[in-house]
There are 2 protein chains.
Amino acid sequence: MSFSSDYPVFYVTVDVVCLTVRDGVFSVLLAERGEGEQKGRWALPGGFVHPDEDLETAARRELEEETGVRAPALLEQLASYGDPGRDPRGRVVSVAHLAVAPDLGDATGGSDATAAAWVSVETALRKRLAFDHNLILRDGVARARAKLEWSPVAASFCPPEFTVADLRGVYEAVWGARLDPANFHRKATGARGFLVPLGRTAGGGRGRPAQLYRVGSATRIHPPLTISD
Amino acid sequence: MSFSSDYPVFYVTVDVVCLTVRDGVFSVLLAERGEGEQKGRWALPGGFVHPDEDLETAARRELEEETGVRAPALLEQLASYGDPGRDPRGRVVSVAHLAVAPDLGDATGGSDATAAAWVSVETALRKRLAFDHNLILRDGVARARAKLEWSPVAASFCPPEFTVADLRGVYEAVWGARLDPANFHRKATGARGFLVPLGRTAGGGRGRPAQLYRVGSATRIHPPLTISD
DNA sequence: ATAATAGTGTCTGTGAGACATTATACC
DNA sequence: GGTATAATGTCTCACAGACACTATTAT
């Protein structure tokens, strides 16, 4: 280091808003805090960035260590939270990330034996989470809802092969709205580069079997799937 | 502080991508670095966050100290940049901000006597800026271009009272595209809550005098002003 | 009058939403 | 056949883009 010793010093953490849809319920991954500050309170998974680690790597590592969730389909930076006093132990800036995963079943907890659980977003927002994690969660949820309109992020909530009805279920759960199946089908399959048909059908349903798709390479879906005004 | 002494320690800075439109040219505010690291190279204005200051306040302070620009019409967080090695002096995380200001005339430089100048975005992106500021600038420009579609941010590039032609000039400069004046007029004035007519006209132009407007209270413009496909 | 810019009208194509209709499975 | 879901077709309305046209100023 070549900074003089009177430069202000900070601690930097990452926190992860990890979202999924489980049985039609829009859910977020929470970890119960063990020993130390805010013990026993629920919080977003996260922790201190290591000295030689970039921010995204730290987010991925903390997510797995605290909750056992590996390799989410999407992980991107959300925003940073650095108000003085947001952590009573010192000056901590947290770089929050947004992760999206398909339904992975119950959370097992991570290698450091903290408890982890999927909680419905509605419930989580009503809880009193640790630090400023209510604010971070609100921002993450808002980002996810907005991104559904113009990005293929909905497919990140689904397994690699999925039906149009699966995808519609994601939109309905995240937006908390009912969508017309017929119009949704036409719009989703018509958005260029969004869905790639696999030529096979899904079994197990009650009616006519649905085509299977995988997500295409487009980074924006066009025209966007607008949430009804 | 109650962290044990072996927690990793970081320095936290803010950098500001401050954008404007000057005589039809989409421009960014750069500062020439004085003594110290990367001396003589152009950089985004920014600096270290003070111990008791929140991030947005720090961004506002650094912008004024280094360039003399006060109270931009918009200042919001952009993203954080924290790769190990992005600053050779130590582990520095920079929280970048996006600012938008109307044309303020030539930059005078700030109280600490560094040089500051408005540079066309095109030129700035071709320069080799300090640290990872080329990346930050790219991200800021992309954010601004995207926000024009659905937010009233274009008005932040204008003085408090402006004409529809002024506003169109912002879109054309930022997007680098020509827009049909007739259709733009209909869309801009038709977007609910975007423009508030003042009932007065602007003088000085060559043709029929244009109505003056101020920006409305809407946070999203609807329907959006889409950039032509 | 001419030029220049502001602002409106009109036409056409695309897409959204409502909803009817057909297709294909299980019971 | 009855029911459930997938997928397509049809109709109407709103809006985007192209562009003709009118309005109001300066020279």
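Proteins get letters first, then strands, A, B, ... in listed order; numbering begins at 1 in each. What you see is a predicted model, and the numbers here were worked out from it, not measured in a lab. Side-chain atoms are counted along with the backbone in the values below, which use heavy atoms only and exclude waters and symmetry mates.
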ask   = Where along nucleotides 19-27 of chain C does protein come under 4.0 Å, by heavy atom, of base (B) or sugar-phosphate alone (S), with - for untouched nucleotides?
value = BB--BBBS-
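- A:D15 CG to A:E66 CD: the interatomic distance, rounded to the nearest 0.5 Å, is 8.5 Å.
- For the pair A:D106 and A:R22, the salt-bridge criterion is met [side-chain N within less than 4.0 Å of a carboxylate O].
- Classification of the A:Y171-A:W175 ring pair by plane angle, with boundaries at 30° and 60°, yields perpendicular.
- Contact annotation: the side chain of B:F162 never approaches that of B:V170 to less than 4.5 Å [non-hydrogen atoms, C-beta and beyond].
- B:Y171 places its OH atom 12 Å from the P atom of D:dA16, with the value rounded to the nearest Å.
- Whole-Å rounding puts the B:L179 CG to D:dG17 P distance at 9 Å.
- Expressed to the nearest 0.5 Å, how far OH of B:Y213 lies from CG of B:L198 amounts to 9.0 Å.
- Taking only side-chain nitrogens and oxygens, B:H185 comes nearer than 4.0 Å to OP1 or OP2 of C:dG7.
- Rounded to whole Å, atom P of C:dT14 lies 18 Å from atom NZ of A:K187.
- What separates CG of A:L167 from C1' of D:dA6 is a distance of 15 Å, to the nearest Å.
- Between B:R60 and B:E56 a salt bridge is recorded (basic side-chain N to carboxylate O distance below 4.0 Å).
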